[in-house]
Amino acid sequence: MFSGDRILGNAPLTWGYAALIAAATLLVLTLIRSVLRRWLRLRDGDHQRSWRAIAAQVVAATRVWLLLPLALYAGSLRLVLTPAATRALALAALMVFLLQVALWGHRFIACWIERQINVRYENNAERATVMSLLGFFALVVLWSVIALFALNVLGFDVSALLAGMGIGGIAIALAAQNILGDLFASASIVIDKPFVVGDFIIVGDYLGSVEHIGLKTTRLRSLSGEQLVFANTDLTKSRIRNYKRMYERRNVFTIQAAYGTPPDKLERIATMLRETVRAQDRVRLDRAHLKEYTDTAVVYEVVYYTLIPDYNFYMDTQQAINIAIYDWFQREGIEFGRPARVIQMQTSSLTGENGEESKEQPEWPKPARA
């Protein structure tokens with residue numbers, strides 16, 4: 001180890017040069033880190049939401065204690081060492097560099113996810129939750145790749161490890177397939193947006209307003225007040241009617257006029273119905289015609305659209321139309337159709353051939369004898 005004026009085969013002056021190179025390398029790397037971080041912050045007006053802020057955070061993730069092994073390896077290049085020592089230093093420097101890359105990637109993913117949530121999904125809790133979940137999966141993938149690469153550099157059989165992880169992953173996926181299915185269904189709902197919080201939807205025989213979209217379930221508040229809970233996978237497999245997405249509402253109603261109404265008034269009824277509907281605000285008439293004859297009345301059918309899909313607006317409009325029709329029928333003396341039954345009473349008396357009442361008693365059937 002020590003022979004004359006040499007230490008590990010290198011002169012003291014050479015060790016001094018190596019130490020200076022290591023110190024200079026560490027100083028330069030530290031200065032570059034500080035200058036880049038300060039420059040990015042000075043050029044950035046919004047430290048929370050800009051890409052320069054993310055770059056500054058990534059640079060800040062550089063650890064000085066991880067730069068030290070790299071500086072020592074740079075200094076060791078000035079020395080003459082044994083192959084084993086050279087390889088050990090190279091492996092140590094590579095492991096440290098991989099760890100630093102992992103820290104940079106971790107900080108970048110975390111800052112990017114935070115930026116997406118703050119900029120795009122600040123008022124969308126469901127989307128923010130999914131973005132956080134995606135960020136977690138991205139971090140798992142990042143650290144897994146770095147760890148596998150490091151093991152491969154150290155000489156471990158990564159292919160066998162991957163095979164074992166694949167079998168274990170399949171077993172875990174089969175055991176938790178329902179949970180994983182709901183998680184991916186939640187991401188599908190939030191990204192594709194078939195509905196959002198506040199929408200009024202119908203799923204099969206159930207209807208209500210969407211209150212919460214979670215990672216596993218979605219909750220609705222029904223009209224009668226109770227909460228309905230659906231698994232996300234059930235929703236992605238169902239046919240959903242979203243009434244909040246209506247741009248206009250189609251409405252159909254019928255009016256019946258009684259038989260005996262004069263023909264000229266029958267024609268005027270159709271005209272009156274058209275004018276009544278057109279007189280309403282934010283309404284588009286489709287048609288109004290005498291549709292059919294039933295056993296009890298003459299039936300008119302009216303189809304119109306309310307340009308505001310709100311149900312209360314539709315009911316207010318329909319109420320105004322109904323009142324106007326009733327008033328017009330009263331003024332014109334037209335009766336509404338109503339179910340009617342005609343009962344014919346037929347009486348018969350026991351009379352003779354000359355119309356006189358017969359005094360003979362009718363013969364009633366005699367009871368059978370036992």
Side-chain angles (χ1 to χ4, degrees), residues 1-44 47 51-115 135-162 164-165:
M1 179 178 296
F2 298 96
S3 58
D5 59 347
R6 290 184 175 273
I7 303 173
L8 296 177
N10 296 276
L13 185 59
T14 305
W15 281 102
Y17 287 147
L20 287 176
I21 292 174
T25 303
L26 181 61
L27 179 61
V28 169
L29 292 177
T30 305
L31 288 176
I32 292 175
R33 170 182 175 271
S34 300
V35 170
L36 280 177
R37 187 178 180 184
R38 183 177 179 82
W39 179 76
L40 289 171
R41 283 188 172 182
L42 290 176
R43 294 290 298 273
D44 179 34
H47 296 299
W51 288 104
R52 289 186 179 275
I54 295 178
Q57 291 292 327
V58 172
V59 172
T62 305
R63 298 291 182 261
V64 177
W65 60 271
L66 291 177
L67 297 179
L68 180 60
L70 296 176
L72 293 176
Y73 176 72
S76 69
L77 297 177
R78 187 71 174 77
L79 303 172
V80 178
L81 301 174
T82 62
T86 303
R87 184 175 182 276
L89 287 173
L91 284 178
L94 182 57
M95 293 298 103
V96 168
F97 178 72
L98 289 177
L99 179 58
Q100 184 59 71
V101 170
L103 292 176
W104 285 335
H106 186 112
R107 182 63 62 87
F108 173 79
I109 293 174
C111 292
W112 185 80
I113 293 296
E114 182 180 1
R115 179 179 185 272
F136 172 76
F137 287 146
L139 292 176
V140 170
V141 172
L142 170 68
W143 284 100
S144 299
V145 170
I146 294 294
L148 290 174
F149 188 79
L151 291 175
N152 184 53
V153 171
L154 293 174
F156 291 93
D157 188 3
V158 179
S159 59
L161 181 61
L162 288 175
M165 291 177 60

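In what follows, residues are counted from 1 in the order of the sequence shown. This structure is a prediction, so every number in the text was calculated from the model and none was measured.
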When rounded to the nearest 0.5 angstrom, what distance separates [atom1] in [X] from [atom2] in [Y]?
| X | Y | atom1 | atom2 | answer |
| --- | --- | --- | --- | --- |
| Leu72 | Ile21 | CG | CD1 | 12.0 Å |
| Leu94 | Leu98 | CG | CG | 4.5 Å |
| Phe137 | Leu142 | CZ | CG | 15.0 Å |
| Leu70 | Phe97 | CG | CZ | 8.0 Å |
| Ile146 | Met95 | CD1 | CE | 9.5 Å |
| Leu31 | Arg33 | CG | CZ | 11.0 Å |

If we only count heavy atoms from C-beta on, is the [X] to [Y] side-chain gap below 4.5 Å?
| X | Y | value |
| --- | --- | --- |
| Thr30 | Leu67 | yes |
| Thr62 | Ile32 | no |
| Arg87 | Leu91 | yes |

Closest approach of Leu66 and Leu99, non-hydrogen atoms and distance?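 Result for this residue pair: CD2-CD2, 3.7 Å.
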Where do Ala61 and Leu103 come nearest, in terms of heavy atoms and distance?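 Reported closest heavy-atom pair: CB-O, 4.0 Å.
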Which residues satisfy the side chain to side chain contact (heavy atoms under 4.5 Å, CB included) test with Val141, sequence neighbours excluded?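 By the side chain to side chain contact (heavy atoms under 4.5 Å, CB included) rule, Val141 matches Val145.
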Only counting residues at least two apart or in another chain, list the ones meeting side chain to side chain contact (heavy atoms under 4.5 Å, CB included) with Ala18.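 Partners of Ala18 by the side chain to side chain contact (heavy atoms under 4.5 Å, CB included) criterion, ordered by chain and then number, come out as Arg78, Leu79.
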Could you pull out all residues at least two apart from Arg107 that satisfy side-chain hydrogen bond (donor to acceptor under 3.5 Å, both in side chains)?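 Residues passing side-chain hydrogen bond (donor to acceptor under 3.5 Å, both in side chains) with Arg107: Gln57.
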